[in-house]
Protein chains: 2
Amino acid sequence: MEELDRRIVQLLARDGRLSYTDLGKATGLSTSAVHQRVRRLEERGVLRGYRAVVDHEAAGMPLTALISVTPVDPAAPDDIPDRLRHLTEIDSCFSVAGEESYVLEVRVGTPGDLELLLARVRAAANVTTRTTVVLSTPWEDRSPLAAGESAD
Amino acid sequence: MEELDRRIVQLLARDGRLSYTDLGKATGLSTSAVHQRVRRLEERGVLRGYRAVVDHEAAGMPLTALISVTPVDPAAPDDIPDRLRHLTEIDSCFSVAGEESYVLEVRVGTPGDLELLLARVRAAANVTTRTTVVLSTPWEDRSPLAAGESAD
DNA sequence: CGTGAAAGTTAGAACTA
DNA sequence: TAGTTCTAACTTTCACG
């Protein structure tokens, strides 16, 4: 990926609503040159979409937790993600190397909701859980491509 | 938060580039009524911004890991997030309840980059680390407000 | 990659319930 | 306070050089 593309991706990661006009000014390209590059980045799958960043507290989901998940029956076929996908409180699902099989990042309203969610996770996927409650989030979802130098 | 606002937030969380015209069609409001509500949601901090979703693999940062962090000196004042903020590979930083003090979600290019990053984390914050490598990500960053109904 | 024009979108003023 | 319509300015999109 070129330097210019990297810069465009970085700018859009920080502000997904930047107009092509502004992106052009920031990169020194014309509006349609930027437009073309953005379309190519979208087609290539580098830019996978655009999202509003929601404040979970303001939106009534103030409690975040990380749930580590271990299958009860290690011999059973592992379709755990499929069994959990309908639980909309699960923000992210990571398959991990380590003692446990998966780590879930979940968002709920109250401790009571968390308790209910844990029960549903265990029932849906036949797993045991180990839960780490998040007390505060100094920061989150920072631009992943933040640097253009140290990656490779 | 009202039902209409919830719907708007949900739609924008899924597609942050929806036009007010389309949001209006989806909610049954006029363009400028939606516009007004979105501005209010932005002012109230419910909508904190807009981001492009970057494919980390395509962007050259294919390795994700979760790093649990414990201070070496529990008596020292805890300014760990401040000491780590400059490390751009750290996507999110959670302060957690449990054996460890923080969990970091990081994104790097190679195992070698991860090794380097761990050294920098330990040096910058005077901490020990326990690292869990992410093997795959069945899904990530799903709309947090996903339901307006089934949460409780 | 740039230009320019048509179609579509945003922002805000004036007005209404 | 929350909504509508109207309109000017801006943005996106696309054919062409």
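Reminder, nothing fancy here: chain letters follow the sequence lines and each chain counts from 1.
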## Note on the structure
Heavy atoms of B:R85 and B:D82 approach each other most closely as NH1-OD1, 2.8 Å
### Task
Give the minimum heavy-atom separation between B:T88 and A:R142, together with the two atoms involved.
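Smallest heavy-atom distance, with atoms named: CA-NH2, 3.8 Å.
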### Query
Taking everything shown except A:E115 itself, do over 12 heavy atoms lie less than 6.0 Å from its CD?
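No.
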### Message
With a 6.0 Å cut-off (strictly less than), is the heavy-atom count around CD of A:E99, excluding the residue itself, greater than 12?
### Response
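For A:E99, atom CD is not crowded (no more than 12 foreign heavy atoms under 6.0 Å).
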Rounded to whole Å, how long is the line connecting atom [atom1] of [X] with atom [atom2] of [N]?
{"X": "A:L23", "N": "D:dT11", "atom1": "CG", "atom2": "C1'", "value": "12 Å"}
{"X": "B:L29", "N": "D:dA2", "atom1": "CG", "atom2": "C1'", "value": "10 Å"}
{"X": "A:R40", "N": "D:dT13", "atom1": "CZ", "atom2": "P", "value": "15 Å"}
{"X": "B:D5", "N": "D:dT1", "atom1": "CG", "atom2": "P", "value": "15 Å"}

### Quiz item: cation-pi between B:R17 and A:Y20, 6.0 Å / 45°
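Yes; both conditions hold, so B:R17 lies above the ring face of A:Y20.
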### Message
So if I define the base as every atom that isn't primed, P, OP1 or OP2, how would nucleotides 3-17 of chain C read as a B/S/- string at a heavy-atom cutoff under 4.0 Å?
### Response
B-----SSBB-----
### Query
Counting N and O atoms only, with roles assigned by atom type, does the side chain of A:T31 sit under 3.5 Å from a partner on the main chain of A:T21, one being a donor and the other an acceptor?
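No; judged by distance alone, with no hydrogens or angles, the pair does not exist.
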### Task
Name the closest nucleotide to the A:R37 side chain, picking from C:dC1, D:dT4, D:dA2.
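The answer is C:dC1.
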